[in-house]
Amino acid sequence: MGRWIVASAWPYAYSIPHLGNLIGAPLSADVFARFLRKMGEEVVFVSGSDEHGTPIEAEARRRGIHPRELTDEMHERLRDLFRRFGISYDNYTRTESPVHVDFVRDFYSKVYDNGYVFEREVEQLYCPNCRMFLPDRFVTGTCPYCGNPSAYGDQCDRCGKLLKPTDLIGPRCVFCGSTPVLRRTKHWFFDLPRFAGPLEDYVSGNERLPDNARNMSLAMIREGLEPRSLTRDNSWGIPAPFPGAEGKTIYVWMEAVLGYVSAVREWAEEAGDPAAFDTYWKSPDTRAVYFIGKDNIPFHVIILPALLMASGEGYVLPYNVASTEFLMYEGMKFSKSKGVGIWMDEALDLLEPDYWRYYLLATRPERKDANFSWSDFEEKINGELNDVLGNFVHRVLTFVRSRFGGVVPDGEIDGESSETLAEARSHAERSLEEMKGFRMRRSLQEVMEVARIGNRYLNSRAPWDQIRVDREAAAATIRTAVSMVKMLSVFIEPFLPFSAEKIWGMLALDGDVHRVTYGEAFNPVPGGHEIGEPRPLFSKVSREDLIARLEEIRRDRG
RNA sequence: AGCGGGGUGGGGCAGCCUGGUCAGCCCGCCGGGCUCAUAACCCGGAGGUCGGUGGUUCAAAUCCACCCCCCGCUACCA
């Protein structure tokens, strides 16, 4: 039996995640965590709201409220949305959690004591009106290369040139439009370059890392790492613990990544078993898996491991960083400002979560960017989720009701039937192999294959004919088919937990489908067992209706 | 610009690492079957020579070189 930390990227507590964010981290992580639990592994699945940083501080200032008021509300909304999507966190916490704050301060004290932090004076743009230093991204002006009047201090979105904020012609504060001035300030830096060697060994030695993550990281290491600033002049954040750093806070990124660690500590303490923290984070055989979008690779493959090393605490390095490519929306990038995409709250207003879970997992951007399109959505939901899976379950269960009075007949499973069960089983088992390799789309496909086999089997056995001439044979067919439905409910559970629960309920089986292990899935349903009332699991969707309703929802919300 | 990923029948993808048994899967299309089921399910068929060129090899979608096209990333936004 193994022990796993499943970590999902922390959403920034500023806006609702869209479907691309959902599949990239929380949903993928959830499927994996549920899979591990069914494998009988020890799992702790954590994430939380990332609530510090300039955007939130600036927004709070604009509204004249304390940032915490903003993040209190957003944290609750996020927690609620994840719950409604069935994301089975063991701990969904936040960076304002006292456990996290203490952990971060303690962690960086150790890194400091170990000699990996140094201070340096830098010049940075400062907005006298907002009375705050401006990160590069928050300075706007005219691009010196292409003349784009709304280039940002880090990059011009039109010509793609990388910029420094001081390159901009006519720089302005993005919040108030004032002209920023250069000011000197002191910052504390993490001496990342000193970990180049160990990092290179770690990255090149971890052959599980996806190609994109490994290659990108190795290239960065070889090009030369630079020290990373650990502090900011923001007031909203975790106070830096370094001597002389009063008034400085820890840079959000360098702090929020530690949430993976602190969230496990908090979970262990709340469970009344503080020692479990060390068991998870400090046992060399614990496997820590991170689910992130590809834009987060450098932070998880380079900076996080370096920080963990620098602490000297013996924390386990990432076993894998399961990064996904991006999801596009009708061929365009998701964009809140342009209204391109679908957001988690809207999705739940349109359909039950398993519809989204199915589509997103079947379309998961694993090796290249994938595209959400309504026509594809309609096709997959109607043709696969509804017609293949939903209809198979329904036709089997209604047959038990109408021909056997709702009682699974005590048919002896014959040769053909046991061959079919074996075939179904081999696909089910293959789905587990795919999952171990983080190929969730194929894993899901293999589970769906069980339903396809079931449909084929029913057609070839034709129990509606059998029952007129050979009730025994019909009984065998139906008991076999019911057993396949059971197999399906267990194997589909990580992907579609709500539907799995419905199927399990209609089968009226004992226990909890979320806890039952894969091994149990293969035990045939005994003859004489009475099932519940079958109800269709899904219904077909119409993209015109959905699009129209989405527009309605947006109108209502203003 | 550098780096990474991708280009396979009408659409969406797998196969490529470990060359031959690979041209596969889902959808769509055409034809047929069935009627237990949510006009669902099942069977058969047409359709691709695997972005281009050149090479390695007895043999290449699969290895090598060069070229073309699409997308993304490039670290102090989170």
Side-chain angles (χ1 to χ4, degrees), chain A residues 9-15 50-56 122 124 133 135-138 152-155 160-162 165 174 187 189 192 210-220 222-223 225-232 251-254 256 293-299 302-303 325-326 328 331 333 362-363 365-371 373 375-376 379-380 382-384 386-388 390-403 439 441-442 445 448-449 451-452 454-467 474 477-478 481 534-540:
Chain A
W10 289 42
Y12 194 55
Y14 187 66
S15 56
D50 174 8
E51 45 190 325
H52 301 307
T54 305
I56 286 170
V122 296
Q124 209 179 340
F133 282 94
D136 297 353
R137 189 73 192 174
F138 295 113
Y152 292 102
D154 55 348
Q155 184 167 27
K161 271 267 199 308
L162 297 179
V174 87
H187 279 303
F189 286 77
L192 184 61
D211 289 345
N212 59 354
R214 191 173 51 250
N215 293 333
M216 193 179 292
S217 303
L218 283 174
M220 283 172 63
R222 286 172 189 151
E223 281 166 22
L225 299 171
E226 284 173 30
R228 301 284 308 205
S229 166
L230 280 173
T231 52
R232 286 291 183 277
Y251 171 41
V252 259
W253 248 118
M254 303 300 275
K294 64 179 166 185
D295 52 334
N296 270 339
I297 288 172
F299 261 94
I302 293 182
I303 294 173
E325 303 287 314
F326 286 150
M328 311 283 279
K333 289 178 92 159
T363 316
E366 294 181 355
R367 57 187 297 186
K368 61 178 176 185
D369 291 348
N371 186 41
S373 82
S375 62
D376 190 41
E379 183 182 303
K380 284 205 159 61
N382 293 349
E384 297 176 20
N386 185 72
D387 291 349
V388 174
N391 182 54
F392 171 65
V393 171
H394 196 244
R395 70 193 291 211
V396 172
L397 299 188
T398 51
F399 198 91
V400 175
R401 272 277 146 202
S402 63
R403 307 300 173 93
R439 293 176 295 272
R441 293 171 76 144
R442 300 183 61 188
Q445 267 180 30
M448 291 298 286
E449 199 55 34
R452 291 184 203 280
N455 276 323
R456 213 174 299 145
Y457 171 78
L458 283 183
N459 277 54
S460 89
R461 298 276 290 200
W464 46 91
D465 287 339
Q466 285 180 313
I467 199 161
T477 301
I478 288 309
R535 293 249 182 285
L537 282 171
F538 311 105
S539 53
K540 296 206 182 205

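Order of the sequence lines fixes the chain letters, A, B, ..., with proteins taken first and strands second; residue numbering starts at 1 for each chain. Being a predicted model, the structure only gives us computed values, none of them experimental.
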Can you sort out the partners of [X] under ring pair (Phe, Tyr, Trp, His ring centres under 6.0 Å), two or more places apart, ordered by chain and number?
X	result
F138(A)	F175(A)
F326(A)	none
Y457(A)	none
F189(A)	F118(A)

Separation of atom CE in M448(A) from atom C1' in rC41(B), rounded to whole Å:
13 Å

What is the distance, to the nearest angstrom, from the NZ atom on K333(A) to the P atom on rC70(B)?
16 Å

Describe the nucleic acid contact of M328(A) in one word from base, sugar-phosphate, nothing, applying a heavy-atom distance below 4.0 Å.
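Since no nucleic acid heavy atom lies under 4.0 Å of M328(A), the category is nothing.
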
Any base atoms under 4.0 Å from P135(A), or only sugar-phosphate, or nothing? Heavy atoms, all strands.
sugar-phosphate

Among all residues two or more places apart in sequence or in another chain, which pass the salt bridge (Lys or Arg N to Asp or Glu O under 4.0 Å) test with [X]?
X	value
D376(A)	K380(A)
R403(A)	none
R439(A)	E434(A)

Test of understanding: with side chain to side chain contact (heavy atoms under 4.5 Å, CB included), list the residues that count as partners of K368(A), not counting sequence neighbours.
none

For nucleotides 26-39 of chain B, read 5' to 3', which letter fits each nucleotide if B means a protein heavy atom sits under 4.0 Å from the base, S means only the sugar-phosphate is that close, and - means neither?
SS-----BSSBBB-

Between rC76(B), rA78(B), rC73(B), which nucleotide gets closest to the side-chain atoms of F326(A)?
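Selected nucleotide (nearest to the side chain): rC73(B).
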
To the side chain of M220(A), which of rC73(B), rA78(B), rA75(B) is closest?
rA75(B)

As a quick check of understanding, evaluate side chain to side chain contact (heavy atoms under 4.5 Å, CB included) for K333(A) and M328(A), giving each step before the final call.
CA-CA 5 Å; K333(A) 289 178 92 159; M328(A) 311 283 279; 4.2 Å; yes

Is the phosphate of rA78(B), meaning OP1 or OP2, less than 4.0 Å from a side-chain N or O of Y251(A)?
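True: Y251(A) side-chain N/O within range (under 4.0 Å) of rA78(B) OP1/OP2.
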
Give the dot-bracket string for RNA chain B, reading 5' to 3', where a pair is Watson-Crick or G-U wobble with both distances under 3.5 Å, ( ) marks pairs inside the strand, [ ] marks pairs crossing earlier ones, | marks a partner on another strand, and . marks unpaired.
((((((((.[[[[.)....(...]]]].(((((.......))))).....[[[[[..)....]]]]])))))))....

Run the side chain to side chain donor-acceptor pair (under 3.5 Å) test against D465(A) and tell me which residues pass, sequence neighbours left out.
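R468(A).
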
Students often mix this up, so state it plainly: with edges at 30° and 60°, are the rings of F299(A) and W253(A) parallel, tilted or perpendicular?
parallel

Along RNA chain B (nearest heavy atom to each residue), the more 5'-positioned of Y457(A) and A13(A):
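Residue closer to the 5' terminus by nearest nucleotide: Y457(A).
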
Which atoms of nucleotides 13-15 of chain B (N or O only) lie under 3.5 Å from a protein N or O atom, and what are those distances?
| from | atom 1 | to | atom 2 | distance (Å) |
| --- | --- | --- | --- | --- |
| rG15(B) | OP2 | R367(A) | NH1 | 2.6 |

